[in-house]
Undergrad: 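Quick one: this structure, given as structure tokens, is what I'll be asking you about.
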Amino acid sequence: MTQSPDAPLALLAEITHRCPLQCPYCSNPLELERASNELDTASWKRVITEAAEMGMHQVHFSGGEPTVRKDLEDLIEHATEVGLYTNLITSGVLIDKARLRKFAELGLEHVQVSFQDTEAENADRIGGFAGGHEKKIAIAKKVRDVGLALTINAVVHRQNIEHVKDFIDMSVDLDAERLEVAQVQYYGWALKNRAAFIPTYEQLTDTTKIVDEARIRLKGILAIDYVVPDYYAKRPKTCMGGWGRRFMNVNPAGKALPCHAAESIPGLEFDSVRDNSLSWIWENSSAFQQYRGTAWMPEPCQSCDRKELDWGGCRCQAFALTGDAGNIDPACEMSPVHEETFGLAMKEASTEAPEFIYRRIGSDEEADAPVFADEPAE
Amino acid sequence: MADERLVLDETSVPDFPRGVKFRFNKAKEQWVILAPERLLEPDDIAVEVLKLCDGTATISTISDSLAEKFQAPVDTILSDVTEMLQDLADKGFLVA
């Protein structure tokens with residue numbers, strides 16, 4: 001390290017990996033943390049205080065399903081007290097209006113509700129949770145009733161991509177400020193299920209047209225964030241705003257990660273907030289320093305005029321597709337395996353979608369155990 | 001957000017909608033606009049404008065104050081301020 005990095009902008013607090021849904025594209029790692037290993041309330045409060053003291057602006061309470069934790073109220077209240085802007089990233093299926101209202105009273109600003117589809121039957125099949133879609137619609141309306149900002153998060157792939165127009169209409173009907181049309185990104189569970197999810201190039205370009213048109217038509221009414229699968233891109237996405245540049249992710253057990261998928265990269269050593277302060281970790285943790293900045297970059301990244309724009313793309317994707325996290329992100333057309341990756345995706349997209357491998361806590365032998373094997377829901 | 005696009009003029013009274021906070025970050029000594037999973041870092045001029053967006057002042061009043069404070073022609077200020085605030089409104093960071 002030659003100099004201390006600027007403070008990060010936001011803390012992604014993955015307060016639990018427990019979740020009643022089993023989405024086969026879940027962004028959590030394949031090895032999920034159990035309830036018994038989760039940080040306690042006091043530790044999370046300390047982490048949140050440290051985040052504010054470092055100058056972070058926002059905290060995102062995420063998971064798993066963050067509302068599984070009964071101390072979420074305490075954490076929201078504390079984050080507000082120390083001056084952080086609080087976001088709740090939820091499936092919405094475990095909360096009622098009274099709890100939402102309590103969150104709002106304690107200072108929560110914004111709720112993001114994820115949807116699996118606009119049609120209940122397909123949505124519930126993808127999420128592996130019967131009745132989920134109906135509950136999500138109901139809770140999204142209640143987010144409005146209690147006066148909170150609402151984002152609809154639509155995870156889009158070949159099994160629902162035809163409904164992007166409906167997602168847009170649904171978001172307007174629900175009076176959301178914002179819609180995220182997020183194409184599945186292929187790490188962890190989603191990579192296992194890639195052939196079931198990856199859209200064709202034609203599906204992707206049709207969707208882009210729909211989104212572009214809606215952005216103009218709904219200017220000032222609905223903001224639409226659009227994330228494309230970068231398998232079909234020419235240049236990689238600016239993943240996490242650059243490794244160790246913008247965000248800190250703390251997992252349920254207290255491990256501080258440069259991104260939520262970082263544990264998929266072998267050989268990185270993650271420091272825990274149980275042992276060190278957030279600011280110490282930000283400045284000193286080897287995992288954060290490994291791919292921070294540009295010094296680690298191979299050629300042609302090193303000579304690329306975009307190296308401080310996309311910061312080399314995504315390390316987890318580089319590892320997943322090339323076996324070395326230090327390689328060029330294959331999403332970049334300069335990567336020697338870019339064409340091969342593109343070709344593979346096209347092939348998968350044009351063959352019949354395989355069955356899902358659903359997200360479960362526990363090893364394969366325990367795959368049929370209840371989702372809440374560690375602790376009953378309520 | 002809204003049923004239709006908001007178009008600002010000098011009689012509009014700009015304010016921050018639910019979920020949007022204009023706030024001073026003490027640790028960074030920096031004014032920021034915080035919104036759902038978003039962050040804006042307004043420049044010094046924008047900060048001066050936004051400090052006057054209190055939900056009671058019209059764009060006309062705000063422009064008058066700034067013209068006086070910075071000894072600048074009010075017509076220019078009014079047009080710049082309206083344009084800046086319209087851009088924020090279009091992105092969902094402002095209501096009126």
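Numbered from 1 within each chain, the chains take letters A, B, ... in sequence-line order. Please read all numbers here as calculations on a predicted model, not as lab measurements.
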Undergrad: With a 4.5 angstrom heavy-atom cut-off, which part of A/Ile89 approaches chain B: side chain, backbone, both or neither?
TA: side chain
Undergrad: Hey, is the main chain of A/Gly83 close enough, under 3.5 Å, to the side chain of B/Arg23 for a donor-acceptor pair?
TA: yes
Undergrad: Rounded to the nearest 0.5 Å, how far does CZ of A/Arg246 lie from CG of B/Leu39?
TA: 8.5 Å
Undergrad: Is it the case that over 12 heavy atoms from other parts of the model lie below 6.0 angstrom from the CD atom of B/Glu68?
TA: no
Undergrad: Just how far is it from atom NZ of B/Lys91 to atom NZ of A/Lys219, taken to the nearest 0.5 Å?
TA: 9.0 Å
Undergrad: Would the number of heavy atoms belonging to other residues, nucleotides or ligands and lying under 6.0 Å from NZ of A/Lys97 be above 12?
TA: yes
Undergrad: Is it true that a side-chain atom of A/Gln58 and a backbone atom of B/Arg38 form a donor plus acceptor pair closer than 3.5 Å?
TA: yes
Undergrad: Nearest heavy-atom pair of B/Ala27 and A/Met54: which atoms, and what distance?
TA: CB-C, 4.2 Å
Undergrad: Just how far is it from atom NZ of B/Lys21 to atom CD of A/Glu109, taken to the nearest 0.5 Å?
TA: 3.0 Å
Undergrad: Quick one: CG on A/Leu9 to CD on B/Glu41, what's the gap to the nearest 0.5 Å?
TA: 6.5 Å
Undergrad: Tell me whether A/Tyr85 contacts the main-chain N or O of B/Gly19 through its side chain, where contact means a donor paired with an acceptor under 3.5 Å.
TA: yes
Undergrad: Heavy atoms only, distances under 4.5 angstrom: which of A/Ala149, A/Ala10, A/Gly55 has the most pairs with chain B? Name it, please.
TA: A/Gly55
Undergrad: Taking atom NZ of B/Lys51 as the centre, does the number of heavy atoms from other residues, nucleotides or ligands within less than 6.0 Å exceed 12?
TA: yes
Undergrad: Under 4.5 Å heavy-atom distance to chain B, tell me which part of A/Leu12 shows up: side chain, backbone, both or neither.
TA: neither
Undergrad: Taking side chain as C-beta onward, heavy atoms only, is B/Gln30 less than 4.5 Å from A/His57?
TA: yes
Undergrad: Contact part of A/His60 toward chain B, heavy-atom cut-off under 4.5 Å: side chain, backbone, both or neither?
TA: side chain
Undergrad: Could you tell me whether B/Asp44 atom CG has more than 12 heavy atoms of other residues or ligands within 6.0 Å of it?
TA: no
Undergrad: B/Asp90 side chain to A/Gly220 main-chain N or O, any donor-acceptor pair under 3.5 Å?
TA: no
Undergrad: Are there more than 12 heavy atoms of other residues, nucleotides or ligands under 6.0 Å from atom NZ of B/Lys28?
TA: yes
Undergrad: Can you check whether A/Leu148 reaches B/Arg18 side chain to side chain, under 4.5 Å on heavy atoms?
TA: no
Undergrad: Is it the side chain or the backbone of A/Ala7 that comes within 4.5 Å of chain B heavy atoms, both, or neither?
TA: both
Undergrad: Just by distance, do the side chain of A/Asn87 and the backbone of B/Pro36 share a donor-acceptor pair under 3.5 Å?
TA: no
